[in-house]
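Because the structure is predicted, anything quoted here is derived from the model rather than measured. One-based numbering, in listed order, for ligands and for the atoms of each. For the numbers below, each heavy atom of this structure counts, side chains included, while hydrogens, waters and symmetry mates do not.
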Amino acid sequence: MTLYPPQVKNIEYQIESLVDKTRRYLLTTLGRTLEEATDQEFYHAFSLALRETIMINWQAAAHTFLKNDVRMLYYISLEHLPGKILSQTITGLQKEELLQKVMMRMKRAYNTILECERDPGLGNGGLGRLASCFLESLATLQYPAQAYGLRYHYGIFEQQLWDGEQVEIPDCWLISENPWQFRRDLRRVSVKFGGHAKAKANVYEEPSYDLENFDEVWVLPYDVPIVGFQTKNPFSVLTLRLWSTKESPRNFHLQRFNAGRLDEAAENTTLTDVLYPSDHHETGKRIRLKQEFLLVSASLQDIIRHYLFTHDNFKAFPDKVRIQINDTHPSLVIPELIRLLTHKYDISWQKACEIAESCTSYTNHTILQEALEEWDTKLMQTQLPRQYEIIERLNANFCTSIRKTYPNDEAKVRRLSIIQDGKVRMAKLAILGSHTINGVAQLHTKILKEDLFREFYDLFPDKFSSITNGITQRRFLLQCNPLLSSWITKRIGDGWITDLSQISKLNAFTHDAADLETFLAIKRRCKENLIDFIQENCKLRDQKGVIVSPPPVIYPDSLFDVQIKRIHEYKRQLMHILHLIMLYQEMKTNPNHERIPRTAIFAGKAAAQYETAKAIIRLIASVAHKVNHDEDVSGHLRILFIENYSVTKAERIIPAAELSEQISTAGMEASGTGNMKLALNGALTIGTEDGANIEMRRAIGDANWPFRFGCTADELAKASYSPQNIAKEHPNIALALETLKNRTFARNDEEHFLFCDLYNRLTQNFDRYHTLLDLPSYYEAQKKVDALYQDPMKWASCAIHNVACMGMFSSDRAIQHYSKDIWRIQPCPIDKDILDHIQNAYGH
Ligand code: 26W
């Protein structure tokens with residue numbers, strides 16, 4: 001027998017134990033032997049085995065919060081994009097090497113097994129991913145918190161490009177059993193819709209309502225464990241509680257079914273079936289309103305149940321409960337909490353309003369008018385009669401108070417009123433009913449205060465605050481970029497993993513030639529990895545969706561120019577592709593050009609109904625088709641659109657990026673978070689003065705932020721410009737625009753029609769996105785990109801400097817800021833006695 005030193009023995013023991021457990025689960029849960037199990041089955045059994053490791057801490061964390069009767073934060077969000085839970089768990093436990101050994105011993109490929117898990121696509125984009133970064137930081141920093149969301153059966157659609165056209169395929173992410181969800185039958189609640197609100201008086205002789213003839217829906221929660229990063233304390237595990245209406249047979253309306261009204265019969269069973277796949281566009285649909293209320297009502301009942309577990313009255317409620325409203329989508333929390341307190345728990349109207357205000361705070365994530373939620377009063381009255389009565393009363397009181405402050409100014413009352421022109425304005429409700437509203441970057445908050453909600457800011461200046469977004473460096477550097485991470489750790493130690501401000505120590509490594517070369521070599525390896533991934537996974541489809549050709553050959557020496565985000569006019573993918581058209585024409589007309597070789601990589605989904613965004617994808621694909629097949633530019637220009645952008649795809653692309661496109665119209669991108677992820681992985685930003693770009697530039701310094709361009713938000717507010725004149729003054733722009741009309745890229749009449757429409761939008765006298773106005777300075781900034789890229793050592797030095805200045809863009813910093821200034825919560829590490837107790841009773 002071999003004798004191991006103690007530590008090795010311990011590792012050997014852990015490996016053997018996991019191997020054993022995995023085999024056991026394969027047999028006892030899946031009914032398969034290791035030899036015959038598919039990778040999917042192996043993934044399942046392996047996850048069940050690993051899951052055992054976190055259950056003790058999960059229970060211990062929950063018990064610790066209860067025992068200490070701490071103030072809890074509840075983060076309510078209609079969207080969550082956690083990425084793969086297995087990989088998150090592995091990173092949190094810091095068991096990657098060990099688990100690789102386990103898989104090796106069991107003859108499975110580590111990456112292939114990790115790929116078996118489908119991303120939970122329970123969100124559209126930035127807002128959902130931010131919620132997940134926040135929850136990971138809350139877990140790592142050991143705050144007492146829980147998140148709520150909906151367990152959509154169909155998450156965000158899978159995007160395929162059929163000969164350049166976006167096709168949406170349903171995302172059945174639950175098709176194979178998911179080992180990371182725990183159905184909690186005991187925590188089931190009921191939610192009521194519709195009916196008639198019958199007025200009665202509460203104990204204070206105030207109006208209250210009983211509901212008659214309502215529809216009742218049973219809602220069941222599924223808990224997903226979110227593992228925090230293991231530090232000197234035992235790691236914490238927080239809960240993401242996802243509600244589902246699917247599983248309760250009582251939701252099905254037999255009478256309606258028998259009467260032949262099939263849709264109506266199934267409506268309440270199907271409420272959590274689909275995520276609304278649109279961002280920045282309000283849909284105003286009845287099912288969406290029902291989803292929002294479902295989330296709010298179920299979560300509030302759960303929060304109150306949890307509170308009443310250790311209290312027998314509501315005195316301490318405003319001290320113990322904090323609820324964060326992620327955009328206005330869950331803002332019905334305010335009337336529903338007031339309703340529950342006044343109706344069910346006999347609290348006075350005045351007191352209930354105070355409690356609701358103390359407990360809730362609201363984050364705004366967009367200033368685009370078309371994304372601001374408003375609900376038809378009729379619809380709300382029909383679906384949520386009691387909540388509507390409360391909103392009306394809140395509004396009546398509010399209007400009275402405005403009249404007191406501003407007598408004889410009915411126009412002002414109308415502008416501030418929550419109910420306006422037959423619509424309930426949800427952002428106003430959220431501002432009025434909560435104690436704080438925050439923007440997600442400094443410029444964004446400034447616009448909220450000075451423009452969008454100016455009159456509310458006049459009334460409640462203390463309610464407004466600004467907390468710049470952040471990202472978790474654990475997923476978006478440590479986990480996704482092991483090469484760069486280990487170089488950084490070698491240079492500055494591993495403190496950055498839990499304290500990103502320490503990354504500034506990298507500044508000492510921006511000069512030494514050996515360091516710069518190492519950095520360049522790492523970037524090159526990451527680019528090669530992405531090339532391998534693309535060759536394997538990004539084959540092209542024909543008009544019927546059949547894979548017909550390999551992706552183009554990509555050269556690792558070319559600049560990887562990356563724009564990955566939802567497709568939206570304000571994000572200006574159109575400006576990016578116009579620039580690529582300009583480059584293409586330049587290369588074609590001048591064979592002696594000195595432009596650097598470039599590979600432009602796009603990824604992102606367009607909302608299914610957003611025709612212009614879909615036309616932009618079409619244009620990118622058509623330009624790509626022509627350019628990638630043109631011998632004249634081969635080796636110099638490649639354009640790729642990677643299908644089906646997701647958290648996992650982001651993790652693949654980001655490490656390889658060299659140029660990060662953050663080119664939104666100034667004032668329109670609330671913050672952006674992809675900008676932070678890319679910079680942290682050593683990409684340089686070409687960007688406008690928008691969202692968090694501004695703060696990134698300030699943190700990094702102008703000297704190392706060379707590709708700033710475009711008008712500022714203030715300049716745009718005053719700008720008037722003529723697209724015609726811009727075209728006249730810049731012949732290369734005029735030529736590029738011409739190609740949209742003259743069938744250079746259009747491959748059929750439909751494309752020709754779509755591209756002409758894009759042309760018209762760009763050249764209209766008022767393009768809200770100011771694309772052509774910024775294009776000349778974008779072009780100049782891209783020339784600077786070329787120049788710097790020709791000096792790799794300088795580029796590397798600048799890039800390392802960028803990474804070193806990303807300290808403040810960690811979601812840890814954002815969460816600490818929210819915790820200190822908005823939620824006033826304290827970390828609550830797992831109680832060692834509780835942990836010991838559970839470990840002794842259940843551990844091995
Ligand atoms: C009701 C339809 C709808 C759905 C989602 C409207 C608006 C949204 C979101 C608020 C849009 C969104 O995701 N906003 C993004 O939030 C990120 C996190 O704060 C920011 O970084 C992005 O700039 C912002 O666009």
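- By the 4.0 Å N-to-carboxylate-O rule, Lys290 lies close enough to Glu267 to be salt-bridged with it.
- Side chains of Gln563 and Lys571: no donor on one and acceptor on the other come within 3.5 Å.
- Ser132 and Glu136 share no donor-acceptor pair across their side chains, judged by distance under 3.5 Å alone.
- The closest approach between His444 and ligand 1 stays at or above 4.0 Å for every heavy atom of the residue.
- Using a 4.0 Å cut-off to heavy atoms of Ala670, the atoms of ligand 1 that qualify are 23 (O).
- Counting only N and O atoms by type, the side chains of Thr712 and Glu689 include no donor and acceptor under 3.5 Å apart.
- Protein heavy atom nearest atom 6 (C) of ligand 1, with residue, atom name and distance: His280 N, 3.5 Å.
- The N/O atoms of Thr283, backbone and side chain alike, include none that comes under 3.5 Å of an N/O atom in ligand 1.
- In this structure, Asn802 contributes its side chain and Ala679 its backbone to no donor-acceptor pair below 3.5 Å.
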Do Arg813 and Glu695 pass the salt bridge (charged side-chain N to carboxylate O under 4.0 Å, His left out) test, and can you show the C-alpha distance, the side-chain angles, and the key distance before you say yes or no? CA-CA 14 Å; Arg813 185 269 315 146; Glu695 286 149 82; over 6 Å; no
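- Between the NE2 atom of His435 and the CG atom of Asp462 there is a distance of 13.0 Å, given to the nearest 0.5 Å.
- Residue-ligand proximity: Asp327 is placed with a non-hydrogen atom under 4.0 Å from ligand 1.
- The nearest heavy-atom contact from the protein to atom 14 (N) of ligand 1 is His365 O, 3.3 Å.
- Within ligand 1, the atoms closer than 4.0 Å to a non-hydrogen atom of Tyr570 are 25 (O), numbered from 1 in the order shown.
- Of all protein heavy atoms, the one lying nearest to atom 22 (C) of ligand 1 is Glu669 OE1, 3.3 Å.
- Checking side-chain atoms of Thr688 against main-chain N and O of Ser664 turns up a donor-acceptor pair under 3.5 Å.
- Listed by number with element, the atoms of ligand 1 under 4.0 Å from a non-hydrogen atom of His281 are 2 (C).
- Residue contact check: Arg288 has heavy atoms under 4.0 Å from atoms 1 (C) of ligand 1.
- Residue Leu127 has at least one nitrogen or oxygen atom sitting less than 3.5 Å from a nitrogen or oxygen atom of ligand 1, judged on distance alone.
- Residue contacts with ligand 1 do not include Gly125, since none of its heavy atoms lies under 4.0 Å from the ligand.
- Heavy-atom contacts of Gly672 reach the following atoms of ligand 1: 20 (C), 21 (O), 22 (C), 23 (O) (cutoff under 4.0 Å).
- Under a cutoff of 6.0 Å and an axis angle of 45°, Lys605 and Phe157 form a cation-pi pair.
- The part of Ser278 lying near ligand 1 is the backbone, judged by heavy-atom distances below 4.0 Å.
- A ring-centre distance under 6.0 Å is not found for Tyr610 and His281.
- Residue contacts with ligand 1 for His329 involve side-chain atoms from C-beta outward but no N, CA, C or O (heavy atoms, distance under 4.0 Å).
- The proximity of Asn469 to ligand 1, defined as any non-hydrogen pair under 4.0 Å, is limited to the side chain.
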